[in-house]
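Note that the numbering runs from 1 along the sequence shown for the chain.
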Amino acid sequence: MNDGMNNEKILIHVKRSKRRTISVTVGYYGDVLVHAPLNASREDISKFLNREKEWILKRVEKDRQHERQPLLTEEEIARLQEQALYDFSQRTRRIAEQIGVTYGKITIRGQRSKYGSCTAKGNLNYNYILMLAPEEVREYIVLHELCHRKHMDHSRAFWYDLETAMPDYKQWDGWLKENGAGLIERIPRK
């Protein structure tokens, strides 16, 4: 993609997976990643990028101005993992009781692509990097994953249940969209 303003090319990475829709994320330093279904054609992806071009260019420009934060050290990661296991265990137990769901095992990870996930068996995975985010963001992520215990998709019913339990969730989802890439960039690549 060429932004037309300064003729600088933007490198776009495409990641295909078993998903239904195309989405795009702009990394903290202007990296563009397109998430696409396995069967999406190049034309589908190109049309999507053209529709989102203005938003992408604004985000790339903004994100390229950020100062790189240092990668976390092994000691910092170990401390965050320990804090995350305690925090997410307590938070998950409380919220699961509030919304009336059960869950399986809780695992703490340092994924560069997800903040949390819920398996079909009810096992929950949380990203330790969220310990550097506001408490409300962790609350939102736990609630999001536990709502998947009722709806293993992002249907209207899923979003309705989430908003019923946390009316201001969009604020914290927005915080993640705005600041999450900067947190993820601190996780060392393996």
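- Proximity of N39 to D44: side-chain heavy atoms (C-beta onward) are nowhere separated by under 4.5 Å.
- With hydrogens and angles ignored, the 3.5 Å screen pairs a side-chain donor or acceptor of R16 with a backbone N or O of A40.
- Heavy atoms only, all atoms of each residue included: R149 and C118 are closest at CD-SG, 3.7 Å.
- The minimum heavy-atom distance between L72 and L132, with the atom names listed, is CD2-CD1, 4.5 Å.
- Here the side chains of K53 and I56 are not in contact, with every heavy-atom distance at 4.5 Å or above.
- Under the 4.5 Å side-chain heavy-atom criterion for ILVMFWY residues, no single connected hydrophobic cluster contains both L162 and Y160.
- Here the shortest heavy-atom pairing between I106 and S89 reads CD1-CA, 3.8 Å.
- Contact between I95 and L143 at its shortest, heavy atoms only, is CG2-CD1, 3.8 Å.
- Checked by atom type and distance alone, the side chain of R186 never pairs as donor or acceptor with a backbone atom of L71 at under 3.5 Å.
- Under the 3.5 Å distance criterion, the side-chain polar atoms of D173 are left unmatched by any main-chain donor or acceptor of Y169.
- For the salt bridge (charged side-chain N to carboxylate O under 4.0 Å, His left out) criterion with R91, the lone passing option out of E136, E139, E97 is E139.
- Within the 4.5 Å cutoff, the side chain of L176 has heavy atoms near those of the L130 side chain.
- No more than 12 heavy atoms of other residues, nucleotides or ligands lie within 6.0 Å of CD in E82, so this atom counts as exposed by the packing criterion.
- Rounded to the nearest 0.5 angstrom, Y128 OH and I77 CD1 are separated by 3.5 Å.
- Between R79 and E76, some side-chain heavy-atom pair lies under the 4.5 Å cut-off.
- One hydrophobic cluster holds both W55 and L49 under the rule that ILVMFWY side chains link at heavy-atom gaps under 4.5 Å.
- Hydrophobic cluster membership differs between M131 and Y86, with clusters built from Ile, Leu, Val, Met, Phe, Trp and Tyr side chains linked at under 4.5 angstrom.
- V26 and A181 get closest at one heavy-atom pair: O-CB, 4.1 Å.
- Heavy atoms of other residues, nucleotides or ligands lying less than 6.0 angstrom from NZ of K170 number 12 at most.
- Looking only at distances, a side-chain donor or acceptor of R112 sits under 3.5 Å from a matching main-chain atom of I187.
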Before giving the answer on side chain to side chain donor-acceptor pair (under 3.5 Å), spell out for T164 and D161 the whole-Å C-alpha distance, their side-chain angles and the decisive distance to 0.1 Å. CA-CA 5 Å; T164 300; D161 285 353; 5.2 Å; no

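- A donor-acceptor contact shorter than 3.5 Å is absent between the side chain of R138 and the backbone of F88.
- Side-chain contact between S113 and H35: absent, with no pair of heavy atoms (C-beta onward) separated by less than 4.5 Å.
- In this structure, N127 and I184 have side chains that are in contact, with non-hydrogen atoms separated by less than 4.5 Å.
- Each of Y115, W159, W172 was scored for a ring-ring contact (aromatic ring centres under 6.0 Å, His included) with H144, with one residue passing: W159.
- Nearest heavy atom pair, residue I99 against residue C147, reads CD1-N, 4.3 Å.
- Counting only distance, with no hydrogens or angles, the side chain of K114 and the backbone of N125 share no donor-acceptor pair below 3.5 Å.
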